[in-house]
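Have a look at the structure below, then the notes.
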Protein chains: 4
Amino acid sequence: MSPTRSGPVRSETARLKILETTARQLADVGFERLTIEGIAAEAGVGKQTIYRWWKSKSAIVAECLVEGMLLEEVQSIRTSGNVKADLAEWLDRVFATISNSESEGLLRSLIVASADNSEVAVRVRGTISGEDTLTSRLRAGIGEAPNLTADAPFQEIAEALVGAIILRTLARAPMTPQETRRLLDATLGTRPE
Amino acid sequence: MSPTRSGPVRSETARLKILETTARQLADVGFERLTIEGIAAEAGVGKQTIYRWWKSKSAIVAECLVEGMLLEEVQSIRTSGNVKADLAEWLDRVFATISNSESEGLLRSLIVASADNSEVAVRVRGTISGEDTLTSRLRAGIGEAPNLTADAPFQEIAEALVGAIILRTLARAPMTPQETRRLLDATLGTRPE
Amino acid sequence: MSPTRSGPVRSETARLKILETTARQLADVGFERLTIEGIAAEAGVGKQTIYRWWKSKSAIVAECLVEGMLLEEVQSIRTSGNVKADLAEWLDRVFATISNSESEGLLRSLIVASADNSEVAVRVRGTISGEDTLTSRLRAGIGEAPNLTADAPFQEIAEALVGAIILRTLARAPMTPQETRRLLDATLGTRPE
Amino acid sequence: MSPTRSGPVRSETARLKILETTARQLADVGFERLTIEGIAAEAGVGKQTIYRWWKSKSAIVAECLVEGMLLEEVQSIRTSGNVKADLAEWLDRVFATISNSESEGLLRSLIVASADNSEVAVRVRGTISGEDTLTSRLRAGIGEAPNLTADAPFQEIAEALVGAIILRTLARAPMTPQETRRLLDATLGTRPE
DNA sequence: CTATAAGCGAGACGGTACGTCGCGTCTTTGA
DNA sequence: TCAAAGACGCGACGTACCGTCTCGCTTATAG
């Protein structure tokens, strides 16, 4: 076996077309009704080309997340000096995004994909909380809220927040701004305004 | 249809056999590989009998939850006077149960079913937190933890806890006892021991 | 067992409704797509009422034939003194009737029913040839055609004619008037005009 | 679709296995109880492979006829110089074949298939009369019987004979040798011996 | 003049087969 | 040698009917 084998190399064009198509169809029809055949047809690609490079549809979805093709809108968190206000704005944005009829069910689809593939689970969580900007924001907020001391359980607070988002997504019951404030009070130890 | 129509009546035997079979197979093979045909075959029932009364497999799962055929082990929460200890014991029990290989993936399956059917989502959440015994326990714990004041956001604290369970379930990363303590410190406002 | 048992007697209304519905649907959708459930529904009758009195759908069709609800138009044959002319007129009428789009496929449906139930086969044949008026007409025509001698094989001539009708019905190729004349020449021994 | 498209080609193995299985099962259980699933299972083939190439079970049967897999025994007619004797032998052979319990009902099944598909009707008729060897034999017999003149209606005589076969098949009443003679007398204009 | 038993409309039941969709693998042809 | 196209065996889908079996109601003899 030669170190560099002969023949054409993986087609980047095909790879991107497949990812874009997957992202589009995932938002459109959801994970359960997403099919390899459908992706191949719309992407103008042979099925084998997909099977050659990915081992399941959740793996394609995972790669879409890595490429930042999904949930771009919810990855940033403001740092204004008031951690509760910043997180409230972020949570409101998250719930507004997932309630948007255009990508209705997208996060729910990602949850299903997560159940199939823990790589997706990790990516979804990372993506929702902006590649760990959530934990960073919490750490940056030491002193801005009673619970945010130097030895606070930042990781667990982040989990509680993201977990609540997931819970509400599954229940199709986005949080209202009042509820997000109460959630933040519960996890940051702040008091109602 | 008249209020009392004549003719044969729904078979309770068939209904129970279907629910039992569904519960068993769900724990066995997971939601994605659960099939109506498989249920019908094992339950000794015609497919139409299933389609007549339920409109999807997630609807059957929802009824299993209502009948208490799933997740019975995690529905009770101790009330000892120490809310953090009680919830820690409960969380440890929850993670032990869902890590148990016998029902490996059961909760993950229920999450997938939830994505398909908000009825299931509501039931799963109700069941995990023991038909609202979680919120009740929190209310009963007023004064046992800094965050548990009379006007505390009990609902949101419960959501944060259940959400964290779901998050860890998807990531296939059950919380260790240390982590559950930190999560409780984060949501109850307690301090590490 | 008493000679006359108690209880209500067979409902003539239901019987007739079933036969009428069957005749109508048979002409409409054909024998293969005729269903007991469809008959019961349209006739406003329980399925059991049908199964109680008939053992198959072809048996109902047979009874429709007995009741003269099917193919009434083709049962009479003229007796004018010219057997070839009379049979030509009858054959033309038969082919016109079965080509009529309104009952398109009715005879074909009856052939299928015949294959299932020899009772129907006998009835169809009897009905097409007008309760043996065909053989009668042939017997009455002794001397009107070369083959019609006193010891002629009347039965076999009739069979040849009806068989040809069936053949053309299956092939969806009705005979033209010219062809019917040639068929009659072949079986009656007459010569072309 | 381009004239020569790339990609896999139709499997001849599968095609033949399907036709052979269909021929066997048709003789075994009859057309009404012949099922696509049964054929697929016995042929070791996916259902879709059948649906891809044929649009109904009668279409498969038609192709069996084309391939000469059905009714091979009745396709030849002797030419001895005595047309009545030759046809009598053929008719006796036909009725013997269709009465044979081994293929009991095969011709009846083909009649049902004909009702569904005129292609089958044409093929059955062509096959029974040996790819028009019947008409050929009649033409070859000019002068051997009163009705067989140069301008005789050969086609219609053939139809009368085949039609009678079908009629008797439906009635499950094969002709006796005496009856076949009378039928031939009726159509050929011969006299009883 | 009951009571009892059958007929009736209705339709649930365990089944079989339908025709379709999508899976993951394999085969062919063209670039 | 990869990629498109797509046929293949397979498994499940949701639907249509099958023939059997309750139901609750009505109706006509038999006691």
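Naming convention: chains lettered A, B, ... in sequence-line order (proteins, then strands); numbering from 1 in each chain.
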Exercise. Test the C/Arg10-C/Trp53 pair against the cation-pi criterion, namely NZ or CZ under 6.0 angstrom from the six-membered ring centroid and within 45° of the ring axis.
Key: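 Yes, C/Arg10 lies over the aromatic ring of C/Trp53.
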From [atom1] of [X] over to [atom2] of [N], roughly how many Å is that when rounded to an integer?
X       : N      : atom1 : atom2 : answer
D/Arg5  : E/dG30 : CZ    : P     : 11 Å
B/Trp54 : F/dC13 : CH2   : P     : 15 Å
D/Gln48 : E/dG24 : CD    : C1'   : 15 Å
C/Ile39 : F/dC17 : CD1   : P     : 11 Å
C/Glu32 : E/dG19 : CD    : C1'   : 16 Å
D/Arg33 : E/dT16 : CZ    : P     : 14 Å
A/Lys17 : F/dA4  : NZ    : C1'   : 15 Å
B/Glu12 : F/dT22 : CD    : P     : 17 Å

Self-check item: Nearest heavy-atom neighbours spanning A/Ala113 and A/Val61
Solution: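 Closest pair (atom of A/Ala113, atom of A/Val61, distance): CB-CG1, 4.3 Å.
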By nearest atom, which of the nucleotides [options] is closest to the [X] side chain?
X       : options               : result
B/Ala14 : E/dG7, E/dG14, F/dT22 : E/dG14
D/Arg10 : E/dG11, F/dC13, F/dC8 : F/dC8
B/Thr35 : E/dC18, E/dG9, F/dA12 : F/dA12
B/Lys47 : F/dT15, F/dA4, F/dA7  : F/dT15

Exercise. Please determine if C/Lys17 and C/Glu42 form a salt bridge, counting it only when a charged side-chain N lies under 4.0 Å from a carboxylate O.
Key: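 No salt bridge links C/Lys17 with C/Glu42.
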Self-check item: C/Arg15 bridged to C/Glu67 by N-O distance under 4.0 Å
Solution: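 A salt bridge is present here (some side-chain N lies under 4.0 Å from a carboxylate O).
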Exercise. Kindly say whether D/Phe31 contributes a backbone atom to a donor-acceptor pair with the side chain of D/Lys57 at under 3.5 angstrom?
Key: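 Here the side-chain-to-backbone pair exists.
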Practice problem: Give C/Gly38 one of three labels, base, sugar-phosphate or nothing, depending on what nucleic acid heavy atoms sit under 4.0 Å from its own. | Solution: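 Nothing, no nucleic acid heavy atom in range.
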Any [X] side-chain nitrogen or oxygen under 4.0 Å from OP1 or OP2 of [N]:
X       : N     : answer
D/Trp53 : F/dC8 : yes
A/Arg52 : F/dA3 : yes
A/Ser11 : F/dA3 : no
A/Thr49 : F/dA4 : yes

Quiz prompt | side-chain contact (heavy atoms from CB on, under 4.5 Å), paired with B/Arg123, selected from B/Leu65, B/Asn117, B/Leu70, B/Leu71 | solution =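 The passing option is B/Leu65.
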Quiz item: Nearest nucleotide by nearest heavy atom, which residue falls closer to the 5' end of DNA chain F, B/Pro8 or C/Tyr51?
Solution: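 It is C/Tyr51, whose closest nucleotide lies nearer the 5' terminus.
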Quiz item: Quick one: on DNA chain E, does C/Val45 or D/Lys55 contact a more 5' nucleotide (nearest heavy atom)?
Solution: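 Result of the comparison: C/Val45.
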Quiz item: For D/Gly7 and A/Ile36, take the nucleotide of DNA chain E holding the closest heavy atom to each; which residue's nucleotide lies nearer the 5' end?
Solution: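 So the residue in question is A/Ile36.
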Quiz item: Ignoring hydrogens and angles, does a donor from either the side chain of D/Ser6 or the base of E/dG30 sit under 3.5 Å from an acceptor on the other?
Solution: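 There is none.
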